[in-house]
Protein chains: 2
Amino acid sequence: MHAAVLRYFDHVARQGSIRKAAESLSIASSAVNRQILRLEDEIGVPLFERSRSGVRPTAAGELLLRHVRETQNEFQRARAEIASLGGTVSGTVRIISLESVVARVLPQIVAEMATRHPRVSFTVLTIHPSEVADALRSGDSDFGVLFIDNRVSGVEIVAEFPTTVGALMRPDHPLAGARTLTLTECARHPVVMLNDRWLLDPIMAAEFAESGARLTPRIVSNSIEFMRQTISRGLGIGFVSPIGFLDEIRRGELVHVPLAEPGLASSRIGILVPRQRRLSPPARLAINHVQKHFNEFGRLLTAPDRGPKRRRRR
Amino acid sequence: MHAAVLRYFDHVARQGSIRKAAESLSIASSAVNRQILRLEDEIGVPLFERSRSGVRPTAAGELLLRHVRETQNEFQRARAEIASLGGTVSGTVRIISLESVVARVLPQIVAEMATRHPRVSFTVLTIHPSEVADALRSGDSDFGVLFIDNRVSGVEIVAEFPTTVGALMRPDHPLAGARTLTLTECARHPVVMLNDRWLLDPIMAAEFAESGARLTPRIVSNSIEFMRQTISRGLGIGFVSPIGFLDEIRRGELVHVPLAEPGLASSRIGILVPRQRRLSPPARLAINHVQKHFNEFGRLLTAPDRGPKRRRRR
DNA sequence: GCGCTACGCTGCCATTTCGGCAGCACTCGG
DNA sequence: CCGAGTGCTGCCGAAATGGCAGCGTAGCGC
């Protein structure tokens, strides 16, 4: 329905080059070039700055680009909405999330939805926290499952789930029997540490820093999977939310003991959607699934093996 | 930039007929017809119900229509935004308002803007209150200058100005010297009445009804201009907000005495914009002008000839 | 019933637009 | 100096777009 030039324009801006865009569009570069020139003629101002190495959107280009992308996104959403009139949910759901959620929770959700709604496709990406705000606001994704950072604006929190950062260790570890632990208590044992601000949310990072416990990690990594392996082999204890390790905890292969530090005990994971945006039917469905799962996990997320504590709040 | 089919689709839906749409587009009906058929083919579902008397959008059609219109509106806004980068404000401002405001306030504003920003064009419409919500939400207009009705949702109040409904009369009228008046006091004299719910806002109408003052109007009309004439000739007193008569009041040709009834004394006129919508640069400018004017009129709006009372609030 | 009108739709054709190919002018890095 | 990258431009065939005339149908007035 929409003019081809919208797609061309978007690609050119993304690739920063007319020829590259043409290639990714499987089209002759001359065609793309002409469409861009015609568009600039219509708008009346240059949309790109030409340099030897390619093109870069001008201020006007950025403005129009936002309109074009918004139009494309809204069109997809409208189509999905129309398709859902006939009962069949279809379209693409684009999710950004934490590595641990991507690895453990989302696959199951995708599997569930895939059987019931075969015409829904998924894009699931892990993302650097500094890009969270942009990724949501630009409309490149439908929603995020992320640590809640109050400093990020322009997003709405659809649901939030408290989770507890705790010490993760083997059941035969000396500290495995404790109900809670402080960082200082843990400091006497080998530690496996996430090195990245990335996987720890900013609040957690601050808490770790000011807790004063001089943790000297034996192992540092930014790979959840690597942590899983090393902890499972008894090489140390890790400080993480239990989400990425729910299966192991349930099977009794690992134990998750909540930390006593208040700032860490009250960490929150939330479903975030860009404000001022309508969600497509499949996106709404996916959010419901995520919500359901986190509610079911609720008990485990806060106090793995012990009694029930609390449920979702709004 | 955008495909022609968007315009065709919009016109067909508006006119309820392919041939009519074609005519209003100055194009052959066959061309329009084919574009619609092609579009339905692309979307995969019928967008119109065909009947002998024309076409009517299906549910899917309504959905797509909303996307199309939103796209067109946003495109206009984006163009205006781009134009304003170069310093020249351009585009169209679409305003809906009360008859009295349209007649007395907006002309001056349009005049002011026209000299400074010759490339801005205006659409100024009076509108029936029942259509206020739709007109704003559908994006057919940029903002409204209207009586505030709290029951209308989906709109945001950018600014509001208290105004007083009062009795309007000639200076030589027996009641002209009063500081305030009740409806009962006025009931003893001939009255010129707006017959329409239209120009009175709903709150005012209710207040009039329950005040119990059995007003027996000598003259009833729904024309502001007719009221002006009859009141000026001493045929009665009218109950109106002073906006439409500011010039006469300033020149001393008419006197506006506030009513004592509390519900009427606190009537509010507001600048309303649809929620969830970005305003085009010229629209923002126009709103600023309106705001400035109402602030200047502030004193007159509440207590025409007497001391200052209040200013804008937020 | 019989025109008349208005509706959506469909072949056929001219015109416009779009895309592919090759090539130009240019700049940068080796 | 040369090769590889850039944006841009003629030229030409192909595709889309719009105009015209006409078909079939349904409602309305006489």
Side-chain angles (χ1 to χ4, degrees), chain A residues 1-65 68 71-72 75 79 82, chain B residues 1-62 64-65 68 71-72 75 82:
Chain A
M1 171 174 94
H2 284 292
V5 66
L6 302 198
R7 234 177 47 253
Y8 299 177
F9 182 45
D10 181 29
H11 273 71
V12 169
R14 271 189 215 285
Q15 311 269 347
S17 152
I18 292 181
R19 288 182 117 107
K20 295 243 183 69
E23 192 183 0
S24 82
L25 287 163
S26 313
I27 215 180
S29 72
S30 59
V32 178
N33 183 27
R34 261 190 290 261
Q35 293 273 10
I36 298 295
L37 289 177
R38 208 173 59 87
L39 182 57
E40 289 183 318
D41 190 58
E42 179 191 341
I43 304 295
V45 297
L47 300 170
F48 290 103
E49 282 175 11
R50 272 74 169 176
S51 73
R52 320 306 150 213
S53 58
V55 295
R56 206 168 57 87
T58 61
E62 296 278 9
L63 237 33
L64 193 63
L65 207 51
V68 166
T71 298
Q72 291 174 321
F75 180 53
R79 292 203 62 158
I82 288 171
Chain B
M1 172 173 93
H2 285 292
V5 66
L6 303 199
R7 234 177 46 254
Y8 298 177
F9 182 44
D10 181 29
H11 272 72
V12 169
R14 270 189 217 285
Q15 312 268 343
S17 152
I18 293 181
R19 289 182 115 105
K20 295 242 183 69
E23 192 183 1
S24 81
L25 287 162
S26 312
I27 215 180
S29 72
S30 59
V32 177
N33 183 27
R34 261 191 292 261
Q35 292 273 14
I36 297 295
L37 290 177
R38 207 172 59 85
L39 183 57
E40 289 184 317
D41 190 58
E42 181 191 340
I43 304 294
V45 297
L47 299 171
F48 290 104
E49 281 174 13
R50 273 75 169 175
S51 71
R52 318 88 186 92
S53 58
V55 295
R56 207 168 56 89
T58 61
E62 296 278 8
L64 193 63
L65 206 51
V68 166
T71 298
Q72 291 175 320
F75 180 53
I82 288 170

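Quick note: numbers below take in every heavy atom, side chains included, and nothing from hydrogens, waters or symmetry partners. Below, chain A is the first sequence line, B the second, and so on; all start at residue 1.
- No more than 12 heavy-atom neighbours from other residues, nucleotides or ligands sit within 6.0 angstrom of CD on B:E23.
- In this structure, CD of B:E49 is placed 14 Å from P of C:dG8, rounded to the nearest angstrom.
- Interatomic distance, A:E62 CD to A:L47 CG, rounded to the nearest 0.5 Å: 10.5 Å.
- OP1 or OP2 of D:dT6 lies within a sub-4.0 Å distance of a side-chain N or O belonging to A:K20.
- Shown here are the salt bridge (charged side-chain N to carboxylate O under 4.0 Å, His left out) partners of B:E49, two or more places apart in sequence or in another chain: B:R56.
- In this structure, A:R38 atom CZ and D:dT9 atom P are separated by 15 Å, rounded to whole Å.
- The phosphate of D:dG7 has neither OP1 nor OP2 within less than 4.0 Å of any side-chain N or O from A:N33.
- For the pair A:I18 CD1 and D:dT9 C1', the interatomic distance rounds to 13 Å; values are reported in whole Å.
- Residue A:E23 contributes atom CD, which lies 14 Å from atom C1' of D:dT6 at whole-angstrom precision.
- Contact annotation: B:S53 side-chain N/O to C:dC7 OP1/OP2 distance is not under 4.0 Å.
- As rounded to whole Å, 14 Å separates atom C1' of D:dT17 from atom CD1 of B:I36.
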Protein-nucleic acid N or O pairs under 3.5 Å, nucleotides 19-22 of chain C:
from: C:dG19; atom 1: OP1; to: A:Y8; atom 2: OH; distance (Å): 2.6
from: C:dG19; atom 1: OP2; to: A:Q35; atom 2: NE2; distance (Å): 3.0
from: C:dG20; atom 1: OP2; to: A:A28; atom 2: N; distance (Å): 2.4
from: C:dG20; atom 1: N7; to: A:S30; atom 2: OG; distance (Å): 3.4
from: C:dG20; atom 1: O6; to: A:R34; atom 2: NH2; distance (Å): 2.5
from: C:dC21; atom 1: N4; to: A:S30; atom 2: OG; distance (Å): 2.8

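- Contacts classified as ring pair (Phe, Tyr, Trp, His ring centres under 6.0 Å) and involving residues 13-36 of chain B (residues at least two apart or in different chains) are not found.
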- [ ] Let me see the working for B:T58 and B:F48 under side-chain contact (heavy atoms from CB on, under 4.5 Å), right down to the final yes or no.
- [x] CA-CA 5 Å; B:T58 61; B:F48 290 104; 5.6 Å; no
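- Between C:dC9 and B:R50, a contact under 4.0 Å exists linking OP1 or OP2 to a side-chain N or O.
- One can place CZ of A:R7 at 13 Å from P of C:dC18, the figure rounded to the nearest angstrom.
- Taken from OG in B:S17 to NE2 in B:H11, the straight-line distance is 12.0 Å, to the nearest 0.5 Å.
- Partners of A:R14 according to the side-chain hydrogen bond (donor to acceptor under 3.5 Å, both in side chains) rule, which considers only residues two or more places apart in sequence or in another chain, are A:D10.
- The side chain to side chain donor-acceptor pair (under 3.5 Å) pairs that include a residue from residues 32-44 of chain A are A:E40-A:R50, where partners are two or more places apart or lie in different chains.
- One interatomic measurement links the two molecules: CG of A:L37 to P of D:dG10, which rounds to 11 Å at whole-angstrom precision.
- For the atom pair CD1 (B:I36) and OG (B:S29), the distance works out to 12.0 Å, reported to the nearest 0.5 Å.
- Residue-to-nucleotide contacts include a donor-acceptor pair under 3.5 Å from the side chain of A:R19 to the base of D:dG7.
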Task: nucleotides 24-30 of chain D: protein proximity per nucleotide (B base, S sugar-phosphate only, - neither; heavy atom, under 4.0 Å) - done: --SS---
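- In this structure, NE2 of B:H2 is placed 16 Å from P of D:dT17, rounded to the nearest angstrom.
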